[in-house]
Amino acid sequence: MFSTFEAKDLDKLIDCKKLPYIVSHSQNHFSQQIIKGESFVGSTSRSRFGCLSCRKKKKRCDEKKPICSRCSRTNNECHWKPPGTERKNNVTRRNFENSKHEIIRHSQILSNSEFPTPTTSFYLKASANTLHEDNGNFSLDSKSMNSHYSEFRYISNDEFHDNGHRINSIFHQESMKLYMNPSYSLFQNLNQEALLYLDHYKTCVATTVSVAPDESNYFLKYYLPLAEIDKSVLYGIIGWGGMFLSGSKDNSGFKYYMQKSIESTELKISHGLDKLNKMDILSMLTSLTIHCAAEICIGDVKEWFIHFKKIYDIILQKYGDLTKLLLEFDNCNEVRWLVSNFLYHDVLTNVGVKKGTFFSHSEYQLALKNNDSAGIMDTDYGSDPLQGCVKPLYMIIGEIVNASVDLKEEDLQLTKLEKQVQRLNHSQKIQAVFTSLESKILNSKPNAVALLYLKTDQELELNLTLFELYQLTARLYLHMLILKTPANNPQVQQIVFNLNTSLDILIGSKLQTTLCLPFLIGGLNCVSEIDRLVMSKRLQKLTTTFPVKNLVRVWEVLNKSWELNKDGSQCINWIQITDELDWDLCAA
């Protein structure tokens with residue numbers, strides 16, 4: 001899909017070895033990982049303009065037409081894209097080139113700063129003198145922090161660069177420890193079943209659902225240490241591990257742990273939000289976030305949204321908005337991760353398409369400081385385990401969703417008006433919104449920090465392919481929600497063709513965890529019987545290798561949409577189907 005960069009173009013990136021967030025760790029110490037030029041460069045395994053057979057197999061093509069040498073040698077059919085439709089990837093590559101120079105400049109600033117060793121977090125400092133249980137609430141003594149968990153550490157309010165910039169990264173080279181006495185760990189009291197589920201969470205769930213490397217995987221680096229001191233989080237990840245292991249909600253084993261997690265959370269809520277300390281609030285938001293993800297993974301279309309709405313209610317009642325929540329926790333990365341996680345699910349739910357996202361685009365942008373779309377200044381947060389390099393496009397997808405809701409409300413009001421000029425103005429506004437958002441999509445840049453975590457050419461190319469796939473998905477979504485373009489429109493079909501090519505490359509890779517939305521939007525716009533059959537086979541293949549039942553729900557939606565739109569002459573909005581089924585579906 002993408003060719004790799006030339007070595008001379010990335011020589012300066014070697015200087016990024018001084019960046020604090022690119023680290024590798026061992027059991028007893030951490031050593032900086034040097035980004036070597038050859039880790040990004042070298043000959044590509046595929047050609048940019050080769051035949052489709054070579055591109056799908058990720059092989060170099062000599063581009064000899066009508067039959068390339070490789071297909072001729074292996075007696076394979078040699079297919080080519082129609083003339084004029086080849087994707088040059090100029091926009092994505094040019095945008096990343098621009099991002100690269102910003103990274104180099106920012107890394108030079110960082111390399112001139114010295115980073116102090118962080119101390120314990122604000123809420124750990126405020127904990128009681130001993131680890132104790134008080135109606136299900138646990139706290140931790142900062143004196144008893146001496147841990148076997150060497151990868152994780154919280155950050156204090158008092159940690160600043162020498163030049164005044166605060167370090168708030170839980171993944172800093174010197175800050176990846178959460179010191180706890182093993183004798184106080186809740187893990188020690190678990191039975192064999194719970195340990196089995198917990199191990200499955202750690203080795204399977206946390207690594208499967210994340211697109212980020214372990215050093216930036218909040219499912220591991222944040223949830224596991226917090227689970228050692230909080231029952232609601234502990235039981236939540238045990239239950240999630242059990243859900244993943246059983247593959248069904250019928251298993252009674254993990255249900256016990258999910259229920260215990262909910263009971264622990266509800267007990268805290270019953271005390272009143274005003275009476276809870278920061279640690280209680282943090283553990284509540286975390287456990288509810290875990291429940292949302294676990295229920296979605298198992299294909300739930302009701303329970304997850306109850307937990308999701310509860311997160312929103314807690315934030316609204318306790319803090320009023322996202323910015324105040326983050327300020328209360330000193331903008332620490334643990335809470336930024338929870339907010340980013342909420343955004344991710346907020347823009348992917350059918351409820352958002354009907355009513356708009358819970359928090360507005362401007363609120364998310366202000367809270368997460370996403371005006372820096374390439375992520376250059378977001379070095380301390382690391383690579384987002386759910387959004388990865390696609391992070392900027394999720395913000396744009398949220399804009400599309402909210403714009404469609406606003407335009408629909410205006411349209412409903414205009415139906416009562418008789419003046420033709422107002423309808424004309426509304427149509428012009430629709431076109432202006434479409435043009436503006438399409439420009440944002442085409443000019444968007446991959447999150448550069450996420451790309452810098454990648455170690456091989458193949459990882460880089462797969463991530464750039466994923467970014468392009470989401471650009472195509474966002475463009476299709478824009479046509480559907482704003483212009484209501486029929487699926488059989490030639491421009492839409494060209495986008496679908498390119499989207500399917502990207503899907504074929506990404507299925508079977510680590511990034512297949514991100515393919516639910518592209519499958520949904522791409523599938524809704526498949527028109528011919530052969531396209532729909534091939535899409536069904538893709539989904540079938542993915543569901544056998546990626547054990548997330550949410551994909552089965554997407555498959556059900558697609559089958560119903562194809563029945564309603566046999567010739568592709570309509571624009572089928574997926575909320576039509578989810579409303580009929582009475583589902584709260586999240587395409588995560």
Side-chain angles (χ1 to χ4, degrees), residues 25-28 120-121 123-154 170 175-207 214 217-246 251-268 276-291 293-294 334:
H25 62 275
S26 62
Q27 183 174 359
N28 297 317
T120 57
S121 75
Y123 53 85
L124 287 182
K125 280 183 177 178
S127 298
N129 293 328
T130 57
L131 179 69
H132 63 280
E133 182 176 1
D134 180 15
N135 294 325
N137 298 322
F138 283 78
S139 58
L140 181 69
D141 173 17
S142 59
K143 296 179 181 179
S144 63
M145 300 175 187
N146 209 349
S147 178
H148 53 286
Y149 259 97
S150 61
E151 306 106 316
F152 185 94
R153 196 186 170 289
Y154 294 112
I170 61 174
S175 65
M176 297 174 72
K177 292 183 179 181
L178 172 60
Y179 295 102
M180 290 185 292
N181 192 322
S183 64
Y184 291 128
S185 171
L186 295 178
F187 290 179
Q188 290 194 339
N189 298 321
L190 298 177
N191 60 31
Q192 290 300 312
E193 180 185 53
L195 288 171
L196 173 65
Y197 292 163
L198 180 62
D199 182 68
H200 195 70
Y201 169 81
K202 180 180 178 181
T203 59
C204 183
V205 178
T207 55
D214 286 352
N217 187 345
Y218 285 76
F219 293 105
L220 290 170
K221 303 297 182 181
Y222 171 41
Y223 289 174
L224 279 175
L226 187 56
E228 282 208 80
I229 59 173
D230 186 87
K231 280 186 174 181
S232 62
V233 175
L234 174 62
Y235 289 141
I237 63 174
I238 290 174
W240 193 359
M243 275 187 175
F244 232 74
L245 189 60
S246 66
N251 184 298
S252 60
F254 70 80
K255 284 184 178 179
Y256 167 80
Y257 298 103
M258 298 301 281
Q259 185 60 35
K260 292 287 286 184
S261 175
I262 290 296
E263 289 174 0
S264 179
T265 300
E266 291 293 343
L267 183 60
K268 293 172 185 174
L276 299 178
N277 59 36
K278 290 181 179 179
M279 187 66 176
D280 291 327
I281 296 292
L282 187 66
S283 64
M284 277 197 312
L285 294 175
T286 303
S287 63
L288 290 170
T289 298
I290 290 168
H291 278 273
E334 297 94 329

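Everything quoted here is computed from the prediction, not taken from an experiment.
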| For Phe244 and Cys204, which heavy atoms make the closest approach, and how far apart are they? | CD2-SG, 4.0 Å

| remark: Taking every heavy atom of Lys202 against every heavy atom of Leu220, the minimum-distance pair comes out as O-CD2, 3.6 Å

| task | Looking only at non-hydrogen atoms, find the nearest pair between Ser261 and His291 and report the distance. | result | OG-NE2, 2.9 Å

| request: Mind checking side-chain hydrogen bond (donor to acceptor under 3.5 Å, both in side chains) for Ser283 and listing every partner two or more places apart, or none if nothing turns up? | output: Asp230, Lys268

| note | Test side chain to side chain contact (heavy atoms under 4.5 Å, CB included), reference Tyr223, set Asn217, Leu234, Thr289, output is Thr289

| message | Restricting to non-hydrogen atoms, name the atom on Gly241 and the atom on Val205 that form the minimum distance, rounded to 0.1 Å. | response | CA-CG2, 4.0 Å

| message | With side chain to side chain contact (heavy atoms under 4.5 Å, CB included) as the criterion, how do Tyr197 and Leu245 come out once you've worked through the C-alpha distance, each side chain's angles and the decisive distance to 0.1 Å? | response | CA-CA 7 Å; Tyr197 292 163; Leu245 189 60; 4.0 Å; yes

| field | Rounded distance (nearest 0.5 Å) linking atom CG of Leu226 with atom CD1 of Ile237 | value | 9.0 Å

| field | Val233 backbone acceptor or donor facing Ser287 side chain under 3.5 Å | value | no

| note | Minimal heavy-atom distance between Phe219 and Ala206, with the atoms involved, is CB-CB, 3.8 Å

| field | Residue list, side-chain hydrogen bond (donor to acceptor under 3.5 Å, both in side chains) with Asn191, at least two apart or on another chain | value | Tyr257

| Looking at residues at least two apart in the chain, or sitting in another chain, which of them share a side-chain contact (heavy atoms from CB on, under 4.5 Å) with Ala293? | Trp240

| said: Test of understanding: with side-chain contact (heavy atoms from CB on, under 4.5 Å), list the residues that count as partners of Gln259, not counting sequence neighbours. | reply: Glu263

| task | Apply side-chain contact (heavy atoms from CB on, under 4.5 Å) to Leu195 and list each qualifying residue two or more places apart in sequence or on a separate chain. | result | Leu190, Gln192

| request: Determine the minimum heavy-atom distance between Met258 and Ala294, stating which atoms define it. | output: CE-CB, 3.9 Å

| field | Results of ring-ring contact (aromatic ring centres under 6.0 Å, His included) for Tyr235 - residues two or more places apart only | value | none

